[in-house]
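Below: the structure, in structure tokens.
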Amino acid sequence: MDYFHQIEDKAVILRSGGVFRQAKVYKRGQMLFAGYGAGFVRLLKMPGTSNPNVSWEETDAAHSTDNLGRPIVS
């Protein structure tokens with residue numbers, strides 16, 4: 001089983017309901033996630049996430065994209 005691992009000193013900016021917040025970045029396998037509440041949201045093709053009410057603006061975590069445009073760990 002793959003667990004969530006924090007990518008040290010990296011962040012992502014999330015937007016929900018017009019409110020922006022900075023969150024820690026995590027990886028699980030090659031997928032990138034952001035800490036959100038007590039859990040995680042997966043970063044999808046910009047600006048989407050696995051939660052339709054949350055989008056992401058940018059991240060400083062090094063990444064590339066898969067064939068669907070989703071960010072993955074480089």
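What you see is a predicted model, and the numbers here were worked out from it, not measured in a lab.
Residues Leu43 and Tyr36 share a single hydrophobic cluster, defined by chaining ILVMFWY side chains whose heavy atoms lie under 4.5 Å apart. Taking hydrophobic clusters as Ile, Leu, Val, Met, Phe, Trp and Tyr residues chained together by side-chain heavy-atom distances below 4.5 Å, Met31 does not share a cluster with Val54.
Rounded to the nearest 0.5 Å, atoms OG1 (Thr59) and CD1 (Ile13) are 8.5 Å apart. Taking NZ of Lys10 as the reference point, atom NE2 of His63 lies at 12.0 Å (rounded to 0.5 Å). For the atom pair CG (Leu14) and CD (Gln22), the distance works out to 9.5 Å, reported to the nearest 0.5 Å. To the nearest 0.5 Å, the span separating NZ on Lys27 from OH on Tyr3 amounts to 16.0 Å. Ile72 contributes atom CD1, which lies 8.5 Å from atom CG of Asn67 (distance to the nearest 0.5 angstrom).
For Phe20, the CZ atom sits in a packed shell: over 12 heavy atoms of surrounding residues, nucleotides or ligands are nearer than 6.0 Å.
Using a 4.5 Å heavy-atom cutoff, the side chains of Glu57 and Arg15 are in contact. Taking 4.5 Å as the limit, some side-chain heavy atom of Leu32 sits within range of a side-chain heavy atom of Val73.
Ring geometry, Tyr26 versus Phe40: the interplanar angle exceeds 60°, so the pair is classed perpendicular (tilted spans 30 to 60°).
Applying the side-chain hydrogen bond (donor to acceptor under 3.5 Å, both in side chains) test to Arg70 and every residue at least two apart in sequence or in another chain returns Asp66. Listed by chain and number, the residues in a side-chain hydrogen bond (donor to acceptor under 3.5 Å, both in side chains) with Asp60 amount to none (sequence neighbours excluded).
Closest approach of Gly35 to Ala23, counting heavy atoms only: O-CB, 3.3 Å. Closest heavy-atom contact between Gly37 and Arg21: N-NH2, 3.6 Å. The minimum heavy-atom distance between Val41 and Ser50, with the atom names listed, is CA-OG, 3.5 Å.
Listed for the Ser16 side chain is a donor-acceptor partner under 3.5 Å among the backbone atoms of Asn53. A donor-acceptor pair is defined here as one N or O able to donate and one able to accept, closer than 3.5 Å; such a pair exists between the side chain of Arg28 and the backbone of Asp2. A donor-acceptor pair under 3.5 Å links the side-chain atoms of Trp56 to the main chain of Leu44, judged by distance alone.
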